[in-house]
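The structure appears right after this line, and notes come after that.
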Amino acid sequence: QEQLVESGGGLVQAGGSLRLSCAASGRTFSRAHMGWFRQAPGKEREFVAVINWTGGITSYADSVKGRFTISRDNAKNMLYLLMNNLKPEDTAVYYCAAGGDWGTFVASGKADYWGQGTQVTVSS
């Protein structure tokens with residue numbers, strides 16, 4: 001059974017850093033694009049970042065560009081999100097996702113697989 005499991009969330013002060021991890025199991029995701037979404041309380045889920053299967057192409061939401069870095073290790077079936085200079089508005093549940101069409105993945109949040117989410121809280 002395909003599964004994505006996020007880890008690495010927590011409480012951090014503004015200006016701090018966190019690295020989220022997503023472990024993929026049940027099938028190989030090495031040929032699928034993967035990415036991160038987030039959902040803050042009372043808000044819709046939004047796109048954060050995506051990376052193609054080789055790791056050579058990435059795309060970020062404007063709100064995180066220059067602060068977040070997405071990466072992957074296909075040998076380990078792992079996806080990462082390094083978050084620097086965190087702001088209170090980054091507080092949300094962060095979800096790992098994989099597969100589907102690249103365009104709708106970014107524009108509409110449509111993915112074949114989703115993790116259960118990990119909470120990130122940034123205090124001011």
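Heavy-atom basis, side chains included; hydrogens, waters and symmetry copies ignored. Predicted, not measured: the structure shown is a model, and the values here were computed from it.
The closest side-chain heavy-atom distance from L81 to Y94 is below 4.5 Å. No side-chain heavy atom of Y60 sits under 4.5 Å from any side-chain heavy atom of V106. Side-chain contact between Y95 and L4 is absent, with no heavy-atom pair separated by less than 4.5 Å. Side-chain contact check for R38 versus D90: some heavy-atom pair is nearer than 4.5 Å.
Using a distance-only test at 3.5 Å, with no hydrogens or angles considered, a donor-acceptor pair links the side chain of T91 to the main chain of V122. Counting only distance, with no hydrogens or angles, the side chain of D73 and the backbone of M78 share no donor-acceptor pair below 3.5 Å. Under the 3.5 Å distance criterion, the side-chain polar atoms of R72 are matched with a main-chain donor or acceptor of N52. A side-chain donor-acceptor contact under 3.5 Å links E6 to the backbone of G117. Remark: the backbone N or O of G55 is not paired with any side-chain donor or acceptor of H33 at under 3.5 angstrom. The backbone N or O of G56 lies less than 3.5 Å from a partner atom in the side chain of T54, making a donor-acceptor pair.
V64 and F47 fall into different hydrophobic clusters, defined by Ile, Leu, Val, Met, Phe, Trp and Tyr side-chain heavy atoms under 4.5 Å apart, directly or through other members. By the criterion of side-chain heavy atoms lying less than 4.5 angstrom apart, applied directly or through intervening Ile, Leu, Val, Met, Phe, Trp or Tyr residues, F68 is grouped together with I70 in one hydrophobic cluster.
The OG atom of S25 sits 8.5 Å away from the CD atom of Q1 when rounded to the nearest 0.5 Å. Between the OH atom of Y80 and the OG1 atom of T69 there is a distance of 14.5 Å, given to the nearest 0.5 Å.
Here the closest heavy-atom approach between residue M34 and residue C96 is recorded as CE-SG, 4.1 Å. Q119 and V93 make their closest contact through OE1-CG2, 3.2 Å (heavy atoms, listed as atom of the first residue, atom of the second, distance). Residues A98 and A111 approach most closely at O-CB, 3.7 Å, considering heavy atoms.
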Check residues 10-23 and write down every donor-acceptor pair under 3.5 Å in which the side-chain atom is one partner and the other belongs to a residue at least two apart or another chain.
unit_1 : atom_1 : unit_2 : atom_2 : d
S17    : OG     : N84    : OD1    : 2.8

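Applying the 6.0 Å contact sphere to NZ of K65 captures more than 12 heavy atoms from other residues, nucleotides or ligands.
Ring centroid separation for the pair Y113 and F29 comes in under the 6.0 Å cut-off.
Each of W36, W114, F37 was checked for a ring-ring contact (aromatic ring centres under 6.0 Å, His included) with F105, and the lone residue meeting it is F37.
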